[in-house]
Q: 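I'd like to ask some things about the structure below.
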Amino acid sequence: RINDFCFEKCNKLNKVEITTESSLEIIGQYSFSKSSIPNITLPNSVKYIEQYSFYECQNLKSVTFSSSSQLKTISRYAFFKTCIQSINFPNNLENIEDFAFNECTNLRLLNFIPESKLQTIGCNTFQSTFIVEIKIPSSVRVIKNNAFYQCKSLEIVEFLSNSRLEVIEENAFSNSSIKKINIAPSVKIIKKNVFNGCQNLEIVEFLSNSRLEVIEEN
């Protein structure tokens, strides 16, 4: 474990090396927050990135996971307001919690592999980023409030045919630049304001096997 607050505000820290043989499992709360690290590569053994771990690391441009990473959870505010430009999420990741990548204004590219085990995209997770497209893994069951709110460059959202998504919560895609969307047939509830302010949205498609029950106001 890297304990809580270990390297917080280390404003001359410009290199962090963790060996590939490391047994590190937990990166603690605020452990690198407001430090000056420019990048980090995490070993396979890491399972939890706790809340605020890299909070406001404004020089942090990349975080790298291997394809065999055991990472399960990226916690609240973990990479809030960093300068990460792209990220490849490992397949064992199950939860991206609230505000994890909020206000990462350099973030353009998200990659999930087809075998992803991701179940939850938390509240405000990617709010105000500049991602252009997102392919939602089939394992995701809920997209929470404001997950992609104010994503002004987001034009393409794709749900896979075997998607298990059931709920799209309030404001999930509001004020984004989506042009077309096919709603996954597994979706049962679209909550209020989900596409509110999407002024470029021209086409919404529901498949014949749709299980949709509720579209709430706005």
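Basis for what follows: all heavy atoms, side chains included, without hydrogens, waters or symmetry-related copies. Predicted model, so just to flag it, every value in this text is computed and none were measured.
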Q: Mind checking the CD-CG spacing from Q70 to N91? Nearest 0.5 Å is all I need.
A: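 So the CD of Q70 and the CG of N91 are separated by 8.5 Å.
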
Q: Scan T73, L71, I113 and name whichever one has a side-chain contact (heavy atoms from CB on, under 4.5 Å) with L93.
A: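 Of the listed residues T73, L71, I113, the side-chain contact (heavy atoms from CB on, under 4.5 Å) partner of L93 is L71.
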
Q: Applying salt bridge (Lys or Arg N to Asp or Glu O under 4.0 Å), name anything that partners K15, two or more places apart in sequence or on another chain.
A: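 With neighbours one apart ignored, the set is E17.
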
Q: Side chains of residues 40-51: which donor-acceptor pairs under 3.5 Å do they make with residues two or more places apart or in other chains?
A:
unit_1, atom_1, unit_2, atom_2, d
N44, OD1, S66, OG, 2.1
N44, OD1, S68, OG, 3.4
N44, ND2, S68, OG, 3.1
S45, OG, S22, O, 3.0
S45, OG, L24, N, 3.3
S45, OG, L24, O, 2.6
E50, OE1, R1, NH2, 3.1
Q51, OE1, R76, NH1, 3.4
Q51, NE2, Q29, OE1, 3.3

Q: Given side chains that start at C-beta, do those of V63 and I84 come closer than 4.5 Å, heavy atoms only?
A: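 Counting from C-beta outward, V63 and I84 do come under 4.5 Å.
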
Q: Can you name the residues that form a ring pair (Phe, Tyr, Trp, His ring centres under 6.0 Å) with F7, not counting sequence neighbours?
A: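 If we apply the ring pair (Phe, Tyr, Trp, His ring centres under 6.0 Å) test to F7, skipping adjacent residues, the hits are F32.
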
Q: Looking at CD1 of I181 and CZ of F195, how far apart are the two atoms once the value is rounded to the nearest 0.5 Å?
A: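 Going from CD1 on I181 over to CZ on F195, the span is 4.0 Å.
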
Q: Could you pull out all residues at least two apart from N88 that satisfy side-chain hydrogen bond (donor to acceptor under 3.5 Å, both in side chains)?
A: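 side-chain hydrogen bond (donor to acceptor under 3.5 Å, both in side chains) list for N88, sorted by chain: N111.
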
Q: Strictly by salt bridge (charged side-chain N to carboxylate O under 4.0 Å, His left out), give each pair with a member in residues 95-122 just once, sequence neighbours left out.
A: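 Every salt bridge (charged side-chain N to carboxylate O under 4.0 Å, His left out) pair that includes a residue of residues 95-122, provided the two are not neighbours, is K81-E103.
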
Q: Tell me whether S53 contacts the main-chain N or O of G28 through its side chain, where contact means a donor paired with an acceptor under 3.5 Å.
A: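 Between the backbone of G28 and the side chain of S53 there is a qualifying donor-acceptor contact (under 3.5 Å).
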
Q: Determine, using the 4.5 Å side-chain heavy-atom cutoff (strictly less than), whether F173 and I189 are members of one ILVMFWY cluster.
A: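 No: no chain of side-chain contacts under 4.5 Å links F173 to I189.
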
Q: Of the non-hydrogen atoms in F79 and T82, which two are nearest, and what is the gap between them?
A: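 Smallest interatomic distance, heavy atoms only, reads O-OG1, 3.0 Å.
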
Q: Taking all heavy atoms of S31 and all of N3, pick out the closest pair and write down the distance.
A: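 Residues S31 and N3, closest heavy atoms: CB-O, 3.7 Å.
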
Q: Would you kindly confirm whether I134 and V142 end up in one hydrophobic cluster when ILVMFWY residues are joined by side chain heavy atoms under 4.5 Å apart?
A: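 Hydrophobic grouping puts I134 apart from V142.
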
Q: To check you understand the geometry: which heavy-atom pair defines the closest contact between K144 and G122, and what is its length?
A: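 In this case the closest contact between K144 and G122 is CB-C, 3.7 Å.
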
Q: Got a second to check how far I74's CD1 is from I27's CD1, nearest 0.5 Å?
A: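 I74 atom CD1 to I27 atom CD1 measures 10.0 Å (nearest 0.5 Å).
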
Q: Quick one: pull up CG in L110 and CD1 in I87 and give me the separation to the nearest 0.5 Å.
A: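 Result: 7.5 Å between the selected atoms.
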
Q: Going by the rule salt bridge (Lys or Arg N to Asp or Glu O under 4.0 Å), which residues pair with E202 if we only count those two or more places apart in sequence or in a different chain?
A: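 Residues passing salt bridge (Lys or Arg N to Asp or Glu O under 4.0 Å) with E202: none at all.
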
Q: List, by chain and number, the other hydrophobic cluster members for Y55, where Ile, Leu, Val, Met, Phe, Trp and Tyr join if side-chain heavy atoms come within less than 4.5 Å, directly or indirectly.
A: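 Members besides Y55, by chain and number: F5, Y30, Y52, Y77, F80, F99.
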
Q: Find the distance between NZ (K12) and SG (C10) and round it off to the nearest 0.5 Å.
A: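 It is 11.5 Å, given to the nearest 0.5 Å.
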
Q: Using the rule that Ile, Leu, Val, Met, Phe, Trp and Tyr join whenever any side-chain heavy atoms are under 4.5 Å apart, tell me whether L201 and V194 fall into a single cluster.
A: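 Cluster IDs for L201 and V194 match.
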
Q: Compile the donor-acceptor pairs under 3.5 Å between side chains in residues 147-169 and protein atoms, sequence neighbours left out, one pair per line.
A:
unit_1, atom_1, unit_2, atom_2, d
Q150, OE1, K152, NZ, 3.3
S163, OG, L165, N, 3.2
E169, OE1, N145, N, 3.3

Q: State plainly whether one hydrophobic cluster holds both I178 and F130, where clusters connect Ile, Leu, Val, Met, Phe, Trp and Tyr through side-chain heavy atoms under 4.5 angstrom apart.
A: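 Different clusters.
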
Q: Using the salt bridge (charged side-chain N to carboxylate O under 4.0 Å, His left out) rule, collect all pairs that involve residues 86-95, keeping only residues at least two apart or in two chains.
A: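 Every pair satisfying salt bridge (charged side-chain N to carboxylate O under 4.0 Å, His left out) with a residue in residues 86-95: K72-E94.
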
Q: With sequence neighbours left out, write down each residue that passes ring pair (Phe, Tyr, Trp, His ring centres under 6.0 Å) with F112, or none if nothing qualifies.
A: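 Ring pair (Phe, Tyr, Trp, His ring centres under 6.0 Å) check on F112 returns F89.
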
Q: Does some side-chain heavy atom of P90 sit less than 4.5 Å from a side-chain heavy atom of N92?
A: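 Side-chain contact under 4.5 Å: no.
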
Q: Do you know the tightest heavy-atom contact between I136 and I121?
A: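 In this case the closest contact between I136 and I121 is CD1-CD1, 4.2 Å.
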
Q: With rounding to the nearest 0.5 Å, note down the distance linking CG in L13 to SG in C57.
A: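 That separation rounds to 9.0 Å.
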
Q: Nearest heavy-atom pair of S116 and L118: which atoms, and what distance?
A: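 Shortest heavy-atom separation between S116 and L118 comes out as OG-N, 3.2 Å.
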
Q: By side-chain hydrogen bond (donor to acceptor under 3.5 Å, both in side chains), which residues pair with N124, not counting sequence neighbours?
A: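 N124: side-chain hydrogen bond (donor to acceptor under 3.5 Å, both in side chains) contacts with Q127.
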
Q: May I have all residue pairs that pass side chain to side chain donor-acceptor pair (under 3.5 Å) and include part of residues 173-188, sequence neighbours excluded?
A: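 Counting only pairs at least two positions apart or across chains, the side chain to side chain donor-acceptor pair (under 3.5 Å) contacts touching residues 173-188 are N171-S174.
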
